[in-house]
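Structure first, then comments.
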Amino acid sequence: MPVTREQMAAVLEEIALLLEIQGENPFKVRAYRQGAEVVESYDGDIVALAVENKLDGIKGLGEALRDKLHELASTGELGFHKKLRESYPDSFFTLFQLDGLGPKKIAALHKTLGVDSIPSLKAACEAGSVAGLSGFGAKTQTKILEAIGRIEQAATAFRLDVATLAAEEILEELRKHPDVLRVSSAGSLRRSKEVVGDLDFIVATNDPAALTKFFGALPQAKEIIVQGDTKCSIRLEDGLQCDLRAVTNAQFPFALQYFTGSKEHNVAIRSRALKHGWSLNEYGFTGNDLPTVNEEGDIYKALGLDFIPPALRENRGEIEAADEGKLPRLVEWENLRGTFHCHTTDSDGKNTLNAMAEAAQELGLQYLGISDHSKSSPQANGLNEVRLAKQIDAVAAWNKEFGSAQFRLFAGSEVDILKDGSLDFSDEMLSSLDWAVASVHNATSLDEDEMTKRIIRAMENPYVTMLGHMTGRLLLRRDAYRVNHEKLIDAAAETRTVIELNCNPKRFDMDWRWWHRARDKGVLCSINPDAHSTGQLQYIRFGADVARKGWLRREDVLNTKPLAEMAEWLKLPKAKR
DNA sequence: GCCGTTTTCGGCCCGACTGTTTTCAGTCG
């Protein structure tokens, strides 16, 4: 049974935890943790490389990790890992999810009380035996019980759209405060991560203590987690944690850069600063001959780098690119001229064809590609051939009455990819459409090989313009189905099939981590909202943010083409696209 | 355990806050 990339990363991560528990050298622990990160985000088939023992030259994987990954990938097991975790049950690792508990405390609880799961920890707290331990106390015991309570009712991660709304409300409150000079969100939200764990805010002010006090007293704050003179953390009603850092105006760019992260990006940036003879932290540079810094961009400039947009700050090659002046000019939402993939009341949409067309025009778009579900998705009221033919006529009628050189609709379908990779409509039916997006909606538990072949077969169809939500994941709710991304990207390049960036915030699928690779293979991206209502067309703003995260430029995104060009492009046979 | 304009050893980010302490360890970001 071959291991997956995720399993390999998880093993390294678990080793890091176990070494930490044992009090191992923290730098060794970090090496394993970074190894997990590298495996997780490596751009290529790292499992195959590990099996073949060809991991040389990958930064962050030294000899020891390479050997271990090879053993793991080729035998399905790693002796070192197995031995380490002998005395710990699976449930032990859930303890690390608890706020306020780290390796030292968990090790102490395990050693003295035999705690090896959340339930056993809960029992120990309720019996009062935790408070008596050295280094623990009554408050710690209460905090542990509270943390367990939060875990039990979930919600420790939030979708980008949910987080964005919450952040905008709080930013508005902060802007109103008279002592605020500058304010910004930071953290993973500013980096446009698809899911965020908390919100970070930075304010520049001459009265930091007043701001942390103000923050703790916000109407949105259900609970104050910590509150000092320069930082304050609150928890909102829905469990979302928000952190504020109050700094001086001079410190602001440094704090903004620092708390935007990512951690990995910052480690690399700081080591670069050291080479310039400066030390860099959240308050400024220290050292000799310090540069003038007024804006965040001045920090990058001082280090000889082009400005790195927050979305790219994941330590995935952006620093090297900025050093060489080779950062891409990223796509912006204003570059989008139209969009594809939306539903109407004909299948499971909330609004009519007319309403969707109007909403698209209000957004300033020049075209909208309609795509209701096909007949094998009865749960979504999918269209059969007769109803689809009617809709094609309705689109033509709409274009005749309202269409112009400024706006038109494209008739399409979100056609189901059936279990064997054939499509829900005949080629003849599909050929009468302007475009089609092919998606998997059933038989989602096929193994990776079958699923990959199934989707490739669909992409080989001459009338499939684009592949819809590649993995079917629903963020925080449903795992991706098993596909081989490398092979699908290669097939898309080969068949000239566009890959959709489904920017419904529940999905963001294909994942941003794969777009750089797809782009370099010449695959086009279509930023599609998968809108089931007029309001959801606005998801394309998030889509542009996530596309930026995937290093995509304007020319990599199909729907930056203006209407006339798009209409011509859709008429081309796939091979000529 | 990884890495190298400090190149095979000696560094590897560090400050704020909390709770248990009485000068600090642990956690977090």
Side-chain angles (χ1 to χ4, degrees), chain A residues 12 15-16 19-21 23-38 55-69 80 95-109 130-144 146-147 186-191 196-202 208-209 212 216 224-233 241-247 251 254-286 304 323:
Chain A
L12 294 185
I15 291 173
L19 293 178
E20 211 170 12
I21 285 284
E24 248 298 359
N25 175 356
F27 299 107
K28 189 192 274 195
V29 171
R30 184 192 293 174
Y32 276 97
R33 197 154 278 148
Q34 279 176 344
E37 184 70 29
V38 168
L55 294 166
D56 296 43
I58 300 176
K59 203 164 173 258
L61 300 182
E63 200 183 344
L65 264 68
R66 286 199 295 266
D67 287 349
K68 291 190 170 75
L69 288 172
F80 179 67
L95 292 167
F96 291 88
Q97 300 166 15
L98 296 168
D99 288 337
L101 278 193
K104 294 282 160 56
K105 285 210 165 84
I106 290 174
L109 289 164
V130 169
L133 294 180
S134 156
F136 293 74
K139 278 201 169 175
T140 306
Q141 184 169 275
T142 308
K143 290 220 156 187
I144 291 174
E146 285 169 5
S188 49
L189 178 76
R190 184 162 181 248
R191 300 201 314 278
V196 307
D198 61 14
L199 300 182
D200 297 283
F201 301 95
I202 315 293
T212 57
I224 296 176
I225 302 165
V226 295
Q227 190 168 37
D229 288 342
T230 63
K231 69 175 273 190
C232 178
S233 297
Q241 180 177 331
C242 304
D243 301 338
L244 176 82
R245 296 280 174 153
V247 296
Q251 292 167 338
F254 295 97
L256 181 60
Q257 195 282 328
Y258 184 93
F259 288 106
T260 295
S262 64
K263 204 167 31 170
E264 295 75 20
H265 174 88
N266 284 351
V267 168
I269 288 290
R270 282 194 297 276
S271 78
R272 194 177 171 98
L274 284 176
K275 285 178 191 150
H276 282 76
W278 303 318
S279 161
L280 174 65
N281 64 22
E282 63 262 54
Y283 303 115
F285 283 121
T286 48
D323 183 45

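All chains are named by letter (A, B, ...) in the order of the sequence lines, taking the proteins before the strands, and each is independently numbered beginning at 1.
Summarising the geometry, the separation between NZ on A/Lys139 and P on B/dT18 is reported as 9 Å, rounded to the nearest angstrom. In this entry the distance linking NZ of A/Lys231 with C1' of B/dT27 reads 10 Å, nearest Å. Distance CD (A/Gln257) to C1' (B/dG29): 14 Å, rounded to an integer number of Å. One atom, CZ of A/Arg33, and another, P of B/dT27, lie 12 Å apart when rounded to the nearest Å. We find that CZ of A/Phe96 is positioned 11 Å from P of B/dC28, with the value rounded to whole Å. To the nearest angstrom, P of B/dC28 lies 15 Å from CZ of A/Phe259. As a whole-Å value, the separation of A/Asp243 CG from B/dC17 C1' is 12 Å. Per the geometry, CD belonging to A/Gln141 stands 17 Å off C1' belonging to B/dT18, to the nearest Å.
Using bins of under 30°, 30° to 60° and over 60° for the plane-to-plane angle, the ring pair A/Phe80/A/Tyr32 lands in the parallel bin.
Along DNA chain B, the nucleotide nearest A/Thr212 and the nucleotide nearest A/Leu65 are compared for position; the residue whose nucleotide lies closer to the 5' end is A/Leu65. The nearest heavy atom of DNA chain B to A/Arg245 and to A/Asp99 marks one nucleotide each, and the one closer to the 5' end goes with A/Arg245.
Atoms CG and OG, on A/Leu274 and A/Ser279 in that order, are 6.0 Å from each other to the nearest 0.5 Å. For the atom pair A/Lys104 NZ and A/Leu109 CG, the distance stands at 14.0 Å (nearest 0.5 Å). Taken from CG in A/Leu19 to CZ in A/Arg33, the straight-line distance is 9.5 Å, to the nearest 0.5 Å. A/Glu37 contributes atom CD, which lies 8.5 Å from atom NZ of A/Lys263 (distance to the nearest 0.5 angstrom). Considering CD of A/Glu24 and CZ of A/Arg30, their distance stands at 14.5 Å, rounded to 0.5 Å.
A/Ala138 comes within 4.0 angstrom of the backbone, heavy atoms only, and of no base. Residue A/Gly261 is out of contact with every strand shown, counting any heavy-atom pair closer than 4.0 Å. Contact annotation for A/Gln34: no contact, since no heavy-atom pair falls under 4.0 Å across all strands.
Nearest heavy-atom pair across A/Val130 and A/Gln141 is N-OE1, 3.2 Å.
Considering only side-chain atoms of A/Val226, the nucleotide from B/dG29, B/dT18, B/dG1 that sits closest is B/dT18. Ranking B/dG15, B/dG29, B/dG1 by closeness to the A/Tyr32 side chain, first place goes to B/dG1.
For B/dT23 and B/dT18, the C1' atoms lie 15 Å apart once the distance is rounded to whole Å. Taking atom P on both nucleotides, B/dT5 is separated from B/dG1 by 23 Å, rounded to a whole Å. Separating the P atom of B/dG10 from that of B/dT6 is a span of 16 Å, rounded to the nearest Å. Comparing the C1' positions of B/dC13 and B/dG29 gives an interatomic distance of 12 Å, to the nearest angstrom. Nucleotides B/dC12 and B/dC17 have their P atoms positioned 25 Å apart, rounded to a whole Å. Separating the P atom of B/dT21 from that of B/dC14 is a span of 29 Å, rounded to the nearest Å. B/dC28 and B/dT20: their P atoms are spaced 15 Å apart (whole Å).
Across all strands shown, B/dC12 forms a Watson-Crick or G-U wobble pair, both distances under 3.5 Å, with B/dG1.
For A/Ser188 (side chain) and A/Arg191 (main-chain N/O), no donor-acceptor pair under 3.5 Å exists by modelled atom type. Proximity of a side-chain donor or acceptor of A/Gln227 to a complementary backbone N or O of A/Thr212 within less than 3.5 Å is detected.
A ring-centre distance under 6.0 Å is found for A/Phe254 and A/Phe285.
When side chains are defined from C-beta on, A/Asp200 does not count as touching A/Tyr258, because their heavy atoms never get closer than 4.5 Å.
Listed pair A/Thr230 / B/dC17 meets the phosphate criterion, a side-chain N or O lying under 4.0 Å from OP1 or OP2. Contact annotation: A/Lys143 reaches the phosphate of B/dG19 (side-chain N/O to OP1 or OP2, under 4.0 Å). Close to B/dG1, at under 4.0 Å from its OP1 or OP2, lies a side-chain N or O of A/Lys68.
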Heavy-atom protein contacts under 4.0 Å, nucleotides 4-14 of chain B, coded B base, S sugar-phosphate only, - none = --------BB-
Between N or O atoms, less than 3.5 Å apart, protein on one side and nucleotides 21-26 of chain B on the other: list the pairs.
none

